[in-house]
Amino acid sequence: MLGPAPWRPYNEKRSHYNWHWYWDTGNGDTGNTGPHQLDLARWGMQKNEYPVAVYSTGGIFGFTQDEGKTPGTMVYGGVETYGRDKTTQETPNTQTAAYTYADGKIIELETRGRYTNQEGSVGQEVGNVFYGTEGWLEISGTNWKAFRQRERKAFAGSKDSEREHGKPLGDFLEAVRSGKDETMHCSILEGHLSTSLCHLANISYRLGRSLKFNGAQEKFVDDREADAMLTRVYRKPFVVPEVI
């Protein structure tokens, strides 16, 4: 199902998990795993607002671009094997985004689709690191540790009782059944803000420049070219009206 995306004949390389790697249907790994980690980053930074500026850069590295069929072996997530295989992928497999907030604080997102070093004290591949005036704190999954300045031994960390996973799907269904906002453990606005950061990064990446954003209006500052990318041309009948 293409939904609002432009119609095209079925292509295995653009379906299943691979739809993430094409702009008509996906937002790359920044828009795939990004919202989960940016949600934690905003929570930790107490940023229940939009940034005032964003800049993102990156590219497709390790592959060659080709308009034809993509050869090669598929691995987890439909990602092509490392090497110099031909690829029709459009979204970057390596991307960095920096979000600057009104108070000067910065959230940085890194998407690394190839060989990379690990981060943190025990080598996390996915997670968050917070840098403060007196030290730093890492979060990976349900585990966290805090370190003072350059010390290598954590002075605080998560306990086993804190590592129990919640039940987000069950919470969602309960909220749908009750129809009450107070049933939700988290406002839908939180998801909107975290997801929007990914879109802002991709717009900056595709335009190749830094952008200023007006969160109150949910528009870029004096930038019609960037504003045009906040929505899409919908394919009928999958049309979202301008006024709902």
Side-chain angles (χ1 to χ4, degrees), residues 27-59 61 76-77 79 91-168 185-187 189-205 210-213 215:
N27 295 286
D29 220 23
T30 290
N32 179 26
T33 61
H36 304 287
Q37 301 309 317
L38 288 169
D39 209 48
L40 281 172
R42 287 197 314 101
W43 173 53
M45 299 281 283
Q46 297 184 345
K47 291 303 175 189
N48 300 316
E49 61 194 78
Y50 289 104
V52 296
V54 58
Y55 176 68
S56 180
T57 187
F61 298 97
Y76 169 76
V79 179
T91 62
N93 64 2
T94 303
Q95 186 175 3
T96 297
Y99 307 92
T100 303
Y101 286 82
D103 61 0
K105 292 185 174 66
I106 294 175
I107 291 179
E108 180 191 14
L109 172 69
E110 291 193 18
T111 301
R112 306 173 188 173
R114 291 188 55 76
Y115 307 114
T116 181
N117 60 295
Q118 297 179 328
E119 302 282 353
S121 63
V122 293
Q124 297 95 328
E125 292 186 357
V126 179
N128 278 255
V129 180
F130 298 90
Y131 299 99
T133 56
E134 303 300 325
W136 58 284
L137 181 147
E138 63 183 23
I139 298 179
S140 180
T142 57
N143 300 315
W144 66 271
K145 292 181 181 180
F147 301 81
R148 290 189 179 94
Q149 298 180 356
R150 297 184 184 277
E151 294 179 356
R152 296 188 177 184
K153 183 177 181 180
F155 71 88
S158 54
K159 300 178 182 178
D160 290 339
S161 59
E162 298 174 330
R163 295 173 183 168
E164 296 180 2
H165 290 276
K167 300 177 181 179
H185 289 203
C186 181
S187 169
L189 178 61
E190 300 298 333
H192 171 64
L193 289 172
S194 298
T195 303
S196 294
L197 292 182
C198 302
H199 292 306
L200 295 180
N202 280 335
I203 292 172
S204 172
Y205 167 79
S210 178
L211 302 170
K212 294 182 179 180
F213 194 69

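Glu110 pairs by the salt bridge (Lys or Arg N to Asp or Glu O under 4.0 Å) definition with Arg112, not counting sequence neighbours. Thr94 meets the side chain to side chain contact (heavy atoms under 4.5 Å, CB included) test with Phe61; sequence neighbours excluded. Applying the side chain to side chain contact (heavy atoms under 4.5 Å, CB included) test to His192 and every residue at least two apart in sequence or in another chain returns Tyr50, Leu189, Ser196, Glu218. With sequence neighbours excluded, no residue forms a side-chain hydrogen bond (donor to acceptor under 3.5 Å, both in side chains) with Thr91. Under the ring pair (Phe, Tyr, Trp, His ring centres under 6.0 Å) criterion, Tyr55 pairs with no residue at all, not counting sequence neighbours. Residues forming a side-chain hydrogen bond (donor to acceptor under 3.5 Å, both in side chains) with Glu125 (at least two apart in sequence, or on another chain): Gln118. Residues satisfying the side-chain hydrogen bond (donor to acceptor under 3.5 Å, both in side chains) test with Ser204, not counting sequence neighbours, are none.
The CD1 atom of Ile107 sits 12.0 Å away from atom CD of Gln37, with the distance rounded to the nearest 0.5 Å. The NZ atom of Lys159 lies 15.0 Å from the OG1 atom of Thr142; values are rounded to the nearest 0.5 Å. For the atom pair CG of Asn128 and CD of Glu108, the computed distance is 11.5 Å after rounding to the nearest 0.5 Å. Rounded to the nearest 0.5 angstrom, Trp136 CH2 and Glu151 CD are separated by 11.0 Å. With values rounded to the nearest 0.5 angstrom, Leu38 atom CG is found 6.5 Å from Ser194 atom OG. Separating the OH atom in Tyr205 from the OG1 atom in Thr111 is a distance of 11.0 Å, to the nearest 0.5 Å.
Among all heavy-atom pairs drawn from Ala41 and Phe130, the shortest one is O-CE2, 3.7 Å. The two residues Asn48 and Leu193 have their closest heavy-atom pair at C-CD1, 3.9 Å. Between Pro35 and Asn32, the shortest heavy-atom distance links the atoms CD-O, 3.7 Å. Taking both residues in full, the closest heavy atoms of Gly31 and Cys198 are given as CA-CB, 4.0 Å, listed atom of the first, atom of the second, then distance. Here the closest non-hydrogen pair linking Thr30 and Gln95 is OG1-OE1, 2.7 Å.
Atom OH of Tyr131 has 12 or fewer heavy atoms from other residues, nucleotides or ligands within 6.0 Å. The environment of Trp43 atom CH2 is sparse: at most 12 non-hydrogen atoms of other residues, nucleotides or ligands sit within 6.0 angstrom.
For residues 129-141, there are no salt bridge (charged side-chain N to carboxylate O under 4.0 Å, His left out) pairs, not counting sequence neighbours. Judged as a salt bridge (charged side-chain N to carboxylate O under 4.0 Å, His left out), the pairs with a partner in residues 28-41 (not counting sequence neighbours) are, in order, Asp39-Arg42.
Residues Leu211 and Leu200 are not in side-chain contact: their nearest non-hydrogen atoms beyond the backbone lie 4.5 Å or more apart. The side-chain heavy atoms of Trp144 and Leu137, taken from C-beta on, include a pair separated by under 4.5 Å.
A donor-acceptor pair under 3.5 Å links the side-chain atoms of Asn202 to the main chain of Asn27, judged by distance alone.
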Under 3.5 Å, which donor-acceptor pairs do the side chains of residues 96-104 form with other protein atoms, sequence neighbours left out?
residue: Tyr99; atom: OH; partner: Leu197; partner atom: O; Å: 2.7
residue: Asp103; atom: OD1; partner: Lys47; partner atom: NZ; Å: 3.2
residue: Asp103; atom: OD1; partner: Lys105; partner atom: N; Å: 3.1
residue: Asp103; atom: OD2; partner: Lys47; partner atom: NZ; Å: 2.6
residue: Asp103; atom: OD2; partner: Lys105; partner atom: NZ; Å: 3.3

